[in-house]
Amino acid sequence: MSEQEYLKTKLSKALESKGFACSGEFEITLERPKNPEHGDFATNVAMLLASKLKRSPREIAAELLDELDLDSKIVSKAEIAGAGFINFHLENQYLGESLTTILKELDKFGCSDWGARKKVQIEFVSANPTGPLNVVNARAATVGDVLVNLFNAVGFDAKREYYVNDAGRQIRLLGKSLSARYMELIGREEPFPEEGYHGDYIRQLAKDIHTEHGEKFGSVEQNQRWQEFSELALEKILAEQQQTLSDFRVNFDIWFRESDLRTKNVHLKVLETLSENGHVYEKDGAKWFKSSEFGDEKDRVLVTSEGEPTYFLVDISYHVDKYQRGFEKLFDLWGPDHHGYIPRMKAALVALDYPDGSFEVNIIQQVNLLEKGEVVKMSKRAGKIIEMKELIDEVGVDVARFFFVARRSQSPLDFDIDLAKNTSEENPVFYVQYAHARICNIIKHAEERAFKMPDHANLNLLEQEEELALIKKLLEFPDIVSKAAKFLEPHRIPNYLQDLAATFHRFYHHHRVVTEDKALTEARLILIKCTKIVLANAFKLLGISAPERM
RNA sequence: GCGCCCGUAGCUCAGCUGGAUAGAGCAACGGACUUCUAAUCCGUAGGUCGUGGGUUCAAAUCCCUCCGGGCGUACCA
């Protein structure tokens, strides 16, 4: 049992036996006070009860305190403070011994099981296969990947999925664009499609195909050529995207193809179900979904007057398919340009009787690249776009991942390229990685002095302020992981890492690990080993490396 | 017009879902290498938490007004 659970149990028992509140009536909150003088944990229950019981909070706190019956081996001091807080101070000896939990759990330290193996899925990036991935895709890739790591760490069975929009109008346009470029290459005119894809990568693709296949497509009938070029372009661009993502250490469990839904007519079945339930009507030759009855601001078209299923309809069927594959909870990460799309998708899934709240969307906000303090203006027309691949080649995977996940994903991110490339003290990534490298070096140094890493030591010797601060910081880790997962806020991990690294560096500068004092050396070796474990576990969640030396 | 996101130190951002004196990093200034790596540490300075109201023992946090910035608002995907 963690010290938090211990305190909560004791508190709720005391509340009941005093008749202040029944168990489950409200949640007992324990917080970690900012000010160390306020102890390691504090609770405000007495203040919350004051108005209900019509008594002074401090009076209530005093009675609770009498009733608590705390183990003095765990809690050294419990006192009333301020307006009616109860502050708990943990016993140093207990703190030291709790390090053994970390030694025992190793790479499992920080994990929990509240997910109960529930199947969840995160769909992210899902960029159109009509061009290279951009920097927002890179941000989404990082956030999604880390979220899955977090979910799995807290006991869910979480999967990464990428939706490939390999059907519909855009793919036809892609084929036509490529065809026009190809024909141009072999000296034959073919008008470039309106709203076609102008990027240089299309020209490059045309060249590749020309080198590979020569002029053979020149004689193919136009519709046939468009079709073949659509497929060729799609597969090549998709392969490129997959390569970029895997170089970025993001590995999807499933690449789901929209065309699979279409060939199996899954979307038509969904249309049928919605119709049967009376959620569909016809107007102006189109079929509409009554999404406004489920919280959307207006109704939406499912099938156009020309008989084309809309992207929306197919997307609904995609989400239905996810449920049918056994996922109980669906998370989508979408770009900022799609947030208006959320209400209608939620509406559709509720209309189909999937539990409200089982589908959630997080918007990944835009990325502003900064160079020399200036925003790098990007424009598709001018062909000035920084691709995901370029950015990563430039700054490195570790740095890019850390930067992308270090901010709340619903806020726009300023990505300072100069800072990211900076391999000095200003770069927070090196700051945290350096802590790990430094520990490895100390351990190596200890071994050279014939100190083997001990299995156990007298951890009561760890009583210096910086040692205790470090231990407490380490013990916070499971809580940080849980909350990062619970609130879908992966940025808590980088924040914590910087905090932990700072606490460690401070300890390092105040105390030597390897000294003549054998017992103390052993205790401190265990302390830094635990620090190393927690750092490595956090790095693993973020998908960045834990360097042994720098 | 309507909807969503954002507004906290010069800059980039945290702030534990309502708690105690609002915190980091960078930039600035002053110190610390004969030591287990100075990619580090110690210290100084820096704030009307956009504005005005409300809710209460308590508001950066919750509700409303307004101001400013970004994005969206298709029988497109």
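Chain letters run A, B, ... following the sequence lines, proteins first, then strands; residues in each count from 1.
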Legend entry - A:Ile528 and A:Phe504, any side-chain heavy atoms less than 4.5 Å apart: yes
Legend entry - Closest-nucleotide ordering on RNA chain B, the 5'-leading residue of A:Leu30 and A:Asn165: A:Leu30
Inset, instruction - Decide yes or no, distance alone: a donor-acceptor N/O pair under 3.5 angstrom between the base of B:G72 and the side-chain of A:Asp337. - result: no
Inset, instruction - Report the distance from atom OH of A:Tyr434 to atom P of B:A38, rounded to the nearest whole Å. - result: 5 Å
Inset, instruction - Output the single nucleotide from B:A20, B:G15, B:U40 whose closest atom is nearest the side chain of A:Asn87. - result: B:A20
Legend entry - Beyond-backbone contact of A:Arg401 with A:Val146, side-chain heavy atoms, under 4.5 angstrom: yes
Inset, instruction - Confirm from the modelled atom types if A:Ser305 and B:C75 form a donor-acceptor pair under 3.5 Å, side chain to base only. - result: yes
Give each protein N/O atom lying under 3.5 Å from an N/O atom of nucleotides 28-33 of chain B, with the pair distance.
none

Inset, instruction - Would you classify B:C33 as syn or anti? Syn applies when the glycosidic angle is within 90° of 0. - result: syn
Using atom names, set out every protein N or O paired with an N or O of nucleotides 6-12 of chain B below 3.5 Å, distance rounded to 0.1 Å.
| unit_1 | atom_1 | unit_2 | atom_2 | d |
| --- | --- | --- | --- | --- |
| B:C6 | OP1 | A:Arg408 | NH2 | 3.2 |
| B:U12 | O2' | A:Arg407 | NH2 | 3.2 |

Inset, instruction - Specify the glycosidic conformation (syn or anti) of B:U17, with syn defined as within 90° of 0. - result: syn
Inset, instruction - Find the distance A:Tyr311:OH to B:A77:P and express it as a whole number of Å. - result: 9 Å
Legend entry - Side-chain donor/acceptor contact of A:His338 with base of B:G72 under 3.5 Å: no
Inset, instruction - Please work out the stems of RNA chain B from pairs that are Watson-Crick or G-U wobble with both distances under 3.5 Å, keeping only runs of three or more consecutive pairs. - result: B:1-7 with B:67-73, B:10-13 with B:23-26, B:28-32 with B:40-44, B:52-54 with B:62-64
